[in-house]
Structure formats: structure tokens, C-alpha cells
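To find a chain, count down the sequence lines: A is the first, B the second, and so on, and within it residues start at 1. Hydrogens, waters and symmetry mates are skipped; everything else that's a heavy atom, side chains included, is used. Here the structure is a predicted model, which is why all the values come from computation and not from measurement.
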There are 2 protein chains.
Amino acid sequence: MNKVKQREANNATAVDVTDLILHDIQTGVLAPGSWLKQIDLEQRYQCTRPEVRRALDRLAQRRLVEHVPNRGYHVFEPDGRQAAEVSEIRILLETGMADKIAANASTADVEALRELARRFDKLILEGTPIELYEANLAFHYRLLSLCGNSELVKLVTEIRQRTSSAPVSQWKTRARIEQSSREHHEMVNAIAAGETAALKDAISRHIRQD
Amino acid sequence: MNKVKQREANNATAVDVTDLILHDIQTGVLAPGSWLKQIDLEQRYQCTRPEVRRALDRLAQRRLVEHVPNRGYHVFEPDGRQAAEVSEIRILLETGMADKIAANASTADVEALRELARRFDKLILEGTPIELYEANLAFHYRLLSLCGNSELVKLVTEIRQRTSSAPVSQWKTRARIEQSSREHHEMVNAIAAGETAALKDAISRHIRQD
DNA sequence: TTAGCATAAATTGGCGCCAATTTTGGATCA
DNA sequence: TGATCCAAAATTGGCGCCAATTTATGCTAA
């Protein structure tokens, strides 16, 4: 019983510091290029020094922060070339799965996607940039999951984090967001119609201007 | 001067424990499924406890070892499905770059690749399985580097480690190795001739039976 | 006034101890 | 004889201290 209590307490606090820092990097709270001082993080997230260090090491492994020995860790700023390369990788992976996505999608899946796309639309007006960002993520996650390759889904999820470090807070222009919205529906329609070429094209454009 | 001495000493020992463990996993010294006790590793690699733990955490992040809380870490055994999924990802990435590889390859590059392929051939007879494995890696690394997308090269290098955990020591049959050899030359020839379709086909087959 | 330097403050990062948990081995009882 | 339970050994994992390095500050000298 005491044990159970502990488990529950642990599970409640089971949100790893790594995820918290990651989230703050992605929502732009921790700006690209800024130094992540261990003391600050320790206080901000109410955790111990070793926890902070483990989190920073993990994020450095994923290339979300950069480690300079004896200087510390700072939020990674991908240069233009790297960003372009990552986009290219994503295009390769996601368009490569277009056929399977279209093949595997049931009518229920299509409807679920349409719903997620609508949710994105709704949040353009009513939601915060962060909510919008998360709705976008949810849509793409659901979409890609249809390919049936769970390792690939994990991989893309991981990779996607590398490009979208900064942009969330000051997320591009209204025009672009609405363009994104249109492309979402374009993708859903392409899947519903089984037009894989159109799907590939939409995905490709979508990633490029992400 | 004292400083310089230290630097040198550090650089000499700059081979991270993570890489040592990784190497031993890939060469099959540390068998898939086996438990990695911190005390053993500490002694084996002559390093401290925190170093071991950092290394294990990193390898767990890369999904090369699996972590069971309060039980420890054990070498990851990919099941059939996961292995197939990873292969599919590699095929997507590497064949997707075939055009660029063929386009970017100078005659010098082609010659270098041919040399690496020959080196592989030579080691079939004269070398150890590990040398063979490394020659194979070198060939593929050089090949993929021609695509010009360094992020992708890093990614594939990382991904490749996930499949070839066990097989190195008892590496498939002689017939398969010789088949690999032929495919290497096939790829080189396809690049030299600019036949991207043939290149894609060869890469695809090669990965599938890797 | 500015450049250079030395000292002090702040920060990083290595290391070992100890508590918590799990596993093993053995003893007791049905 | 076998199963259950308890205790001891082994292992994991959290935490804090201190040394090493870097950065900031203020002082001195040209």
C-alpha cells in the first residue's frame, strides 16, 4: 500500500525533465542560441542537478542542444543548410510512405484526419500559437501512423523536432498558416481519392514551407 | 605545458566509453539480450561508475540497449517486425538519394569506391569477420556521402547500427557475402554509367538481405 | 583613458557514498 | 519432498560535494 502510494506519486511526477526542457525549446520559451545554465534549469523545473545534466546530455545526443566542454549547453540553431537537409530527409520518408498511407487508410481514418484538420482550422482563429502547433503535430502524427511502420513514425517524430525549434512562437505569417490548412485538406482528399501522386505533391510542398 | 600534457592525455583517452560498448555490441562480444551489469563494464573498460551510466543511458536513447527500471540494461534484440521496418527506412533513404549520388560522383569518387569494394573482396578470404564488417561499412559510408546531405549520412549511420547488432560475428553464409561483394561492384558500375534505376535496384536488394 | 593582468565569483563536471530495490539462497513448515 | 517465506547479498540509481575551468570584476601601469 505504501508501495502503491509511491508508485502513484512517481507516475504523477513521471514527466521527465528532458521532455519539459524539450517542450520549452519547441515553444520558444528557451530561445535558440541561449545558454542553458544548470542552476537556472534546476530551479525552473524544481529538480536536482544530476537530473538536469542527464536531460541536457540526452538533448545534446538528439542535437537539440549543443554542448561546449567546460562552457555548457546552448539551444541549437540549425543553419540554413542543415535545415534544408533535414527537410529533404523528411520529404523522402513521408512521400515514400504515401502509397502505403493511401492504401491503409480506412474511411474512419480519413474522417479522423479530416476532423484533426478542422481542429487546426478552428485554432487558427481561436487558439494560441502553441495549441496550433500541437494540433498540427497531431494531424501529421495521425497521418504518418497510417503507413504502418512504427519505427519510421518514431524516427520522423524525432527528426521533426530538429527543424521546428524556434518557429512556434512567432510562427510564420497568417497567409502561410492558411496555406498549411489548405494543404492538410488537400492531403486528406488525396487519401480519400487514392491519388498518391497528389498526396506526395502536397506532402512535399507542405514540408518545404514548414 | 602542464595544461597541454593534460589535453593530450585526455585526447588519447578521448574514446568515449559509449563507443567502446557500442563496438562490442556490434561485433557481438556483448550478445543480444545479455545484461550489462554496471560493475562488469566498469572493470572491463577501466572507467568509473558515472561514465558507465552515461554510456548506457545514451545507448538506451539510441535504442541499442533497453532499460528496465531497477533491473538494469540489456542489449536490445530487435524482433522481426522492427528489423523489417528499419530496413524499409534505409531503403527509402538510400534509394531516394541514388539520383544525387550518381549525379555528384566524379571519376575519382568512382575509383575510390571501386577500391573500397575490392578491399571488401580481399578481406572475404584474408580478413576477420570484424574487418569485413568494417570494410563493408566504409564502402557504404563513402557511397552515401556522395549524396551531399550530411545530415542524412549521419542519420543512416545511426540507423544502420540498429539492425546489425548481432550478425557480425556469425555473419551469414559465404554465399551471401559473395553476393554482397557482387552487389557492391554492381552499384559502382551503375554509378559510373549513370544508371540510377539499376543503382536503386542494387541498393534495395543489398539492404534487404543485409 | 585604455590595455593588460591578477584576483574573485560563478559555472561546469567528475566522483563516491548511501538508500531503495531486486535477486538469490536457505530455512521452516505443511 | 516441495512450496512459501524470510533474510542476506548484490545491483541499481539518486544526490551532494569538491576540484577544475571559465568568466567577470576591479586594479595597476603605460
Could you tell me how far apart [X] ([atom1]) and [N] ([atom2]) are, to the nearest whole angstrom?
X: Asp57(B); N: dT12(D); atom1: CG; atom2: C1'; result: 14 Å
X: Asp16(A); N: dG13(D); atom1: CG; atom2: P; result: 14 Å
X: Arg49(B); N: dA19(C); atom1: CZ; atom2: P; result: 16 Å
X: Arg54(B); N: dT12(D); atom1: CZ; atom2: P; result: 18 Å
X: Leu56(A); N: dT12(C); atom1: CG; atom2: P; result: 9 Å
X: Trp35(B); N: dT21(C); atom1: CH2; atom2: C1'; result: 13 Å
X: Tyr73(B); N: dT21(C); atom1: OH; atom2: C1'; result: 15 Å

| said: Looking at the base of dG13(C), is there any donor atom on it, or on the side chain of Arg53(A), that sits under 3.5 Å from an acceptor on the other one? | reply: yes

| Tell me, do His74(B) and Val65(B) make a side-chain contact under 4.5 Å, heavy atoms counted? | no

| task | Taking the side chain as every heavy atom from C-beta outward, state whether Thr18(B) and Arg54(B) have any pair of such atoms under 4.5 Å apart. | result |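 Contact flag for Thr18(B)/Arg54(B) side chains = no.
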
Please determine, for the side chain of [X], which listed nucleotide ([options]) has the closest atom?
X: Asn70(A); options: dG13(C), dG16(D), dT11(D); value: dG13(C)
X: Glu51(B); options: dT11(D), dT21(D), dC15(C); value: dC15(C)
X: His67(A); options: dG13(D), dG13(C), dT12(D); value: dG13(C)
X: Gln38(A); options: dG13(C), dG16(D), dG16(C); value: dG13(C)
X: Lys37(A); options: dT12(D), dT12(C), dC15(C); value: dT12(C)
X: Ile39(A); options: dT22(D), dG13(C), dT11(C); value: dT11(C)

| task | Check whether more than 12 heavy atoms from other residues, nucleotides or ligands sit under 6.0 Å from atom CZ of Arg119(A), and answer yes or no. | result | no

| task | Decide if atom NZ of Lys122(A) counts as having more than 12 heavy atoms of other residues, nucleotides or ligands within a radius under 6.0 Å. | result | no

| task | Give a yes or no on whether the ring-centroid distance for His206(B) and His140(B) is below 6.0 angstrom. | result |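 Ring-ring flag for His206(B)/His140(B): true, centres closer than 6.0 Å.
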
| field | N or O in side chain of Arg71(A) less than 4.0 angstrom from dT23(D) OP1/OP2 | value | yes

| query | dG14(C) phosphate, OP1 or OP2: any side-chain N/O from Thr48(B) under 4.0 angstrom? | reply |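 Answer no for this pair, as no side-chain N or O of Thr48(B) is under 4.0 Å from OP1 or OP2.
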
